[in-house]
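Since the structure comes first, as structure tokens, the remarks are kept for the end.
All figures in this text were calculated on a predicted structure; none of them were measured in a lab. A note on names: the letters A, B, ... follow the listed sequences, proteins ahead of strands, and every chain is numbered from 1.
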There are 2 protein chains.
Amino acid sequence: MAGKAAEPQVIWARPERTGRGPRPAFTRADIAAAAVRIADAGGLEAVSMRHVAAELGCGTMSLYNYVPRKEDLYELMIDAVGAEHEIREPSGDWRADMIRNAEETRAIMHRHTWVPRLMSGVYGFSPNTLRYLEHCLACLDPLDVPYGVKTELVALLNGVVTTYTANEIATAERTRSMPWSEEEENAVRIAYLGSQVATGAYPRLAAAFMEDSGPIDLEAVFRRALERVLDAFDPDRG
Amino acid sequence: MAGKAAEPQVIWARPERTGRGPRPAFTRADIAAAAVRIADAGGLEAVSMRHVAAELGCGTMSLYNYVPRKEDLYELMIDAVGAEHEIREPSGDWRADMIRNAEETRAIMHRHTWVPRLMSGVYGFSPNTLRYLEHCLACLDPLDVPYGVKTELVALLNGVVTTYTANEIATAERTRSMPWSEEEENAVRIAYLGSQVATGAYPRLAAAFMEDSGPIDLEAVFRRALERVLDAFDPDRG
DNA sequence: CCTAGTTACGTACAGCGTACGTAGTGCGCT
DNA sequence: AGCGCACTACGTACGCTGTACGTAACTAGG
């Protein structure tokens, strides 16, 4: 009735090549790599259909043969960085393996600081995501709980990794984009926080800031959070 | 040297009114409320400076007197929904109180589905955010650990709430924006997942899907995740 | 009272996603 | 073998975005 309609919305469900017509000049991997390159160099806002097309050396609208909507380009990008996970044989120590996975995810996100911003609103079942998920479950083979619990562990851990790393990146980028130095920015921030705290409305926040006002080791904070989550699933926790 | 420069980057650090010149026609709260109204009705992509100005009944560029950059408008929006947290006297049971806080955050996000997308990349020290943080610490008064641990608990819990709710919203919106029904979408999705799983490359994912393929209770999944996180901090855990 | 700093806002510009139309190409079917 | 159709390629154009800049009106501090 309504003309076209009813193609698969999810890019992974549509075949990369149908066999009819001229050979496509690029693969999805080519396109994803170009977009990733641009995002790494100029941030997520530099990723426009025009820029990606230019990077590939083709007309802007040609891109739409491969990527029906820009949102799908994002999906390709997430999948592309997912390929950077180094899948290795599980060691038998599920805690150590999961920590390694989490640290690797964090490293990937620090390498591609736009990833966390894309994580909300992405389908989540790209080939490399599935590959990584399967790998996590393999690492959890020694843990004797139902698969339902294992998937909850993976979801929880990934969530923590994403939010923690997103925060690290956000604060880092904020200070980077400043025309002034990091010290100045921190001074302004502390001054503001101090002025708020000084009103007496936030006594516990004030106490918390008093407790440790030195420079914080983000890596250590991250590690502690991981251990906490794993503790919650460890039957042998002491 | 370079002309202007060096105004506070963070909107909360600049005063709402300086005392000089004509009385401003709106407050920050007015602007935030207008933006929230638009986002609730038309999604985050409907929030443009022009739309917000029109909603307020003023010229587009007048908005820039109040909000130097669009990013700051987002900041106002996050603060505005933060006001929806109902701060009530802690009960003495920190687990119950924190679960209540988390459920309330989840409810707010479901009421304003654009919140999770804005959480990455926002400053995080708006007045209402500080208020909420202070409240969480107050709820944790009965827990006898250093403030450092308490703030880590709050951060971890908020992270979990955000990612879980973001996922719920993402899948819900995906099926809503379909021209076809939810059943059809699910059929396509299951068909795709099934085709992937059928390759034999993901045996554990296959097993996990076999284990429970019925409709899942998202609320219960969320609750379990909360309990897990709280377990990790509970000295009295059995 | 004067004047500097503010509010208000119209205009303008560069860039965005993408609908649409047209031309060329090569696989699959008859 | 060759027809036809589905595909690739891409230029043009439209409506929208954020916001720099200039101008006019206004008001509080010195």
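Interatomic distance, CD of B/Glu103 versus CD1 of B/Ile108, reported as 12.0 Å (0.5 Å rounding).
Note: CZ (B/Arg23) to C1' (D/dA28) measures 10 Å, nearest angstrom. Remark: P of C/dG24 and CG of A/Asn65 are 17 Å apart, rounded to the nearest angstrom. Atom CZ in A/Arg17 sits roughly 16 Å away from atom P in D/dA6 (whole-Å rounding). Rounded to an integer number of Å, the gap from B/Leu63 CG to C/dG10 C1' is 15 Å. Rounded to whole Å, atom P of D/dC16 lies 18 Å from atom CG of B/Leu44.
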| Which letter, B, S or -, goes with each nucleotide of nucleotides 11-21 of chain C from 5' to 3', with contact meaning a protein heavy atom under 4.0 Å? | B----BBBBB-
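Within 4.0 Å (heavy atoms only), A/Ala25 reaches sugar-phosphate atoms of the nucleic acid but no base atom.
Residue A/Glu168 is tested with A/His110, A/Glu173, A/Glu219 for a side chain to side chain contact (heavy atoms under 4.5 Å, CB included); the sole match is A/His110.
Contact annotation: B/Ser62 side-chain N/O to C/dC9 OP1/OP2 distance is under 4.0 Å. Within the structure, every side-chain polar atom (N or O) of A/Tyr66 is placed at least 4.0 Å from both OP1 and OP2 of D/dT8.
Applying the side-chain contact (heavy atoms from CB on, under 4.5 Å) criterion to A/Arg23, with sequence neighbours excluded, gives A/Arg17.
Between A/Ala102 and A/Tyr132, the shortest heavy-atom distance links the atoms N-OH, 4.5 Å.
Of the possible donor and acceptor atoms, none in the side chain of B/Asp40 sits under 3.5 Å from a partner among the backbone N and O of B/Arg37. Looking only at distances, a side-chain donor or acceptor of B/Thr105 sits under 3.5 Å from a matching main-chain atom of B/Asn101.
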